[in-house]
Amino acid sequence: MDEEERRKLIELTAKKEEKREEKKESKEKTLPDLPKAEKGKVVMRFAPNPNGPPTLGSARGMVVNDEYAKIYDGKLIIRFDDTDPRTKRPMLEAYEWYLEDAEWLGVKPHEVVYASKRIPMYYDYVKKLLEMEKAYPCFCSREEFKKFRDKGIECPHRNTPAEKALEIWDRMLAGEFDEGEVVIRIKTDMKHRDPAIRDWVAFRIIKADHPLVGDRYTVYPTLDFESAIEDHVLGITHIIRGKDLIDSERRQRYIYEYFGWEYPVTKHWGRVKIHEFGKLSTSEIRKEIEKGVYEGWDDPALPTIRALRRRGFRAEAIRKFLLSLGVGENDVAVSMKNLYAENRKIVDRTASRYFFVWDPVAVEIKGLPESRVVRIPKKPEGNEYRELTGEKDVLIAGDDWDRFEEGDVVRLKDFCTVRVKSKEKNQLEFVSWEMSENVRKGRNIVHWLSWKDGVVCVVIGDKPLLRWGGFAEKNAVQDAGKVVQFERFAFCRIEFADESGIRAIYTHP
RNA sequence: GUCCCCGUCGUCUAGCCAGGUCCAGGACACCGGCCUUUCACGCCGGCAACGUGGGUUCAAAUCCCGCCGGGGACGCCA
């Protein structure tokens, strides 16, 4: 064995050792290491177009980037990529929604940038490229250019000299051209293996009102250009985003090469699809809201962060759920059940328990010796109690009543044991105060409510227009704003409550 | 059509880059059981995966090739 071999062997052994160590540590790690990441020097970014409120999908971008920024003691920048006032027109309120939801999710940006407010800067950079003849004004129609691109042929405008190109550029800025008449293209390679990369558009003319900058500009950069410049200017070290932007990197690298910049480290993740929501695009949701299918952007049937917050989900549960998806490039189709499980872990210990009788049926307990006040624990642990009065006239859930057959022995939870006497007359028959041997555990222990303890309650479901109506125990009024568990029903957040009634939102089972 | 990416339990994911400690770990779901005056929580146990065919190697989930399957890009959208 010569020196060289010996050295390699030692190196290899060291690497293996290192790997073993890593394995031991990685048990608690939520996300994989970021390549080339140095503690204290990492700058991440989250760059949404605010054309609607954040959804679970966009929240993934916030949370993962934020998590990495935290892991490496780095920075997180939120940048609004809002440079298309037409096709993906930003929504004025949505800027605020993003910031609000970010804060709620525990995402703390060190800086917030609005691309639409920095358009002159992009002009400066493209001017340089025009001078370098790395960009050119192109008068081809979309169709004409598509032909050139598909064939891999340069278009006639590609060789416009810098001087002439700059003159056209100035005329563009002066508003001398109409929409669609001319665009600025970045020179790449018309023979590039991937047609998607060939001479892409950096600027186009859009004469539309922008919610933030109005009609100040008519020449707007495309995302590819704006983002390329910003990532460098802002000193972004790592980009993590959806893989729909994977080609974007290949296009942008040309600019980085022309300017001699270093492209950030990138990572792209696959599409997330949530079983329960399917594929809902922002524009589709907007239409449905207009049609009245959803009440608004915070409708509990929607996967927006504001809707989930309204439903009573905890930010921490959402973070964990999103982080659990990792940063792999494969598409994921995940179930809300995972989110439910995370949230339940947090909420179960603290949620007060109450009775909610949905689709109520009034029944009479024949032979009940007396009315009794019962004390029931409010929570699984601790010594808080609530009181209910058991009387001969009570309400029970329609689902339960329908299931029962005459002769069944049923336990009214914490109150008394009864036998179903007459389905037709809605009559029960008192058996005993004690728990009877005949009561099967599980579905034969049901909740109930006397009229005096009840208050009208509607629960807004997690599917469009789904509602449950019935009575909830009055004690629940004191938990307005909180997540409670309606026993044998589900966790719900009490959104509004007073003596006249309760409105609750379905959280999860 | 051209180009790119991805395939580990039902689902999500760890492991893959630096092959052995992986007859593959965790979570959710599911199925038993315990606890319980909620079908909740908790506890115990169980089921269950490396798409496929070759190759390299003493050794492959890990490296190479083919095939099959899935997704995406080819906007003057983001």
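Every chain is numbered from 1 and lettered A, B, ... according to where its sequence line falls, protein lines coming before strand lines.
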Is [X] near enough to [N] that one of its side-chain N or O atoms lies under 4.0 angstrom from OP1 or OP2?
{"X": "A:Arg86", "N": "B:C76", "answer": "no"}
{"X": "A:Arg204", "N": "B:A78", "answer": "yes"}
{"X": "A:Lys345", "N": "B:C28", "answer": "yes"}

Measure the acute angle between the ring planes of [X] and [Y], then classify it against the limits of 30° and 60° as parallel, tilted or perpendicular.
{"X": "A:Trp358", "Y": "A:Phe356", "result": "tilted"}
{"X": "A:Phe177", "Y": "A:Phe139", "result": "perpendicular"}
{"X": "A:Phe355", "Y": "A:His447", "result": "tilted"}
{"X": "A:Tyr95", "Y": "A:Phe80", "result": "perpendicular"}
{"X": "A:Tyr98", "Y": "A:Phe46", "result": "tilted"}

Rounded off to whole Å, could you give me the [atom1]-to-[atom2] distance for the [X] and [N] pair?
{"X": "A:Asp348", "N": "B:C39", "atom1": "CG", "atom2": "C1'", "answer": "14 Å"}
{"X": "A:Arg89", "N": "B:A78", "atom1": "CZ", "atom2": "P", "answer": "14 Å"}
{"X": "A:Lys378", "N": "B:A40", "atom1": "NZ", "atom2": "P", "answer": "23 Å"}
{"X": "A:Trp269", "N": "B:C12", "atom1": "CH2", "atom2": "P", "answer": "17 Å"}
{"X": "A:Glu487", "N": "B:C41", "atom1": "CD", "atom2": "C1'", "answer": "12 Å"}
{"X": "A:Leu245", "N": "B:G75", "atom1": "CG", "atom2": "C1'", "answer": "14 Å"}
{"X": "A:Leu223", "N": "B:C77", "atom1": "CG", "atom2": "P", "answer": "11 Å"}
{"X": "A:Asn330", "N": "B:G72", "atom1": "CG", "atom2": "P", "answer": "14 Å"}

Checking all strands, does [X] fall into the base, sugar-phosphate, or nothing category for heavy-atom contacts under 4.0 angstrom?
{"X": "A:Val332", "result": "sugar-phosphate"}
{"X": "A:Cys140", "result": "base"}
{"X": "A:Thr83", "result": "sugar-phosphate"}
{"X": "A:Arg344", "result": "sugar-phosphate"}
{"X": "A:Ala333", "result": "sugar-phosphate"}
{"X": "A:Gln485", "result": "base"}
{"X": "A:Phe489", "result": "nothing"}
{"X": "A:Asp244", "result": "base"}

In whole Å, measure the gap between the [atom1] atoms of [N] and [M] for me.
{"N": "B:C50", "M": "B:U11", "atom1": "P", "value": "12 Å"}
{"N": "B:U36", "M": "B:C43", "atom1": "C1'", "value": "12 Å"}
{"N": "B:G45", "M": "B:U56", "atom1": "C1'", "value": "42 Å"}
{"N": "B:C23", "M": "B:A60", "atom1": "C1'", "value": "14 Å"}
{"N": "B:A73", "M": "B:G54", "atom1": "C1'", "value": "32 Å"}
{"N": "B:U8", "M": "B:A49", "atom1": "C1'", "value": "6 Å"}

Stepwise side chain to side chain contact (heavy atoms under 4.5 Å, CB included) test for A:Leu339 and A:His508: CA-CA 9 Å; A:Leu339 213 207; A:His508 54 68; over 6 Å; no
Closer than 3.5 angstrom, by distance alone: can the side chain of A:Ser227 be matched with the main-chain N or O of A:Asp224 as a donor-acceptor pair? no
Of A:Val334 and A:Asp414, the one whose nearest nucleotide on RNA chain B sits closer to the 5' end is A:Val334
Of A:Phe415 and A:Arg271, the one whose closest RNA chain B nucleotide lies more 5': A:Phe415
According to the Watson-Crick and G-U wobble definition with distances under 3.5 Å, which dot-bracket string, read 5' to 3', encodes RNA chain B, using [ ] for crossing pairs and | for pairs with another strand? (((((((..((((......[....)))).(((((.......)))))....(((((..]....))))))))))))....
Taking atom NZ of A:Lys378 as the centre, report whether more than 12 heavy atoms of other residues, nucleotides or ligands fall under 6.0 Å from it. yes
Taking atom CZ as the centre, does A:Arg403 end up with more than 12 heavy-atom neighbours from other residues, nucleotides or ligands that are less than 6.0 angstrom away? yes
Syn if the chi torsion is within 90° of 0, anti otherwise; quick check, which is B:G75? syn
Distances under 3.5 Å only, N/O to N/O: pair up the protein atoms with those of nucleotides 1-3 of chain B.
residue	atom	partner	partner atom	Å
B:U2	O2'	A:Arg193	O	3.4
B:C3	O2'	A:Asp194	OD2	3.2

Ring centroid separation for A:Tyr263 and A:His232, is it under 6.0 angstrom? no
Close side-chain approach of A:Tyr136 and A:Cys155, heavy atoms under 4.5 Å: yes
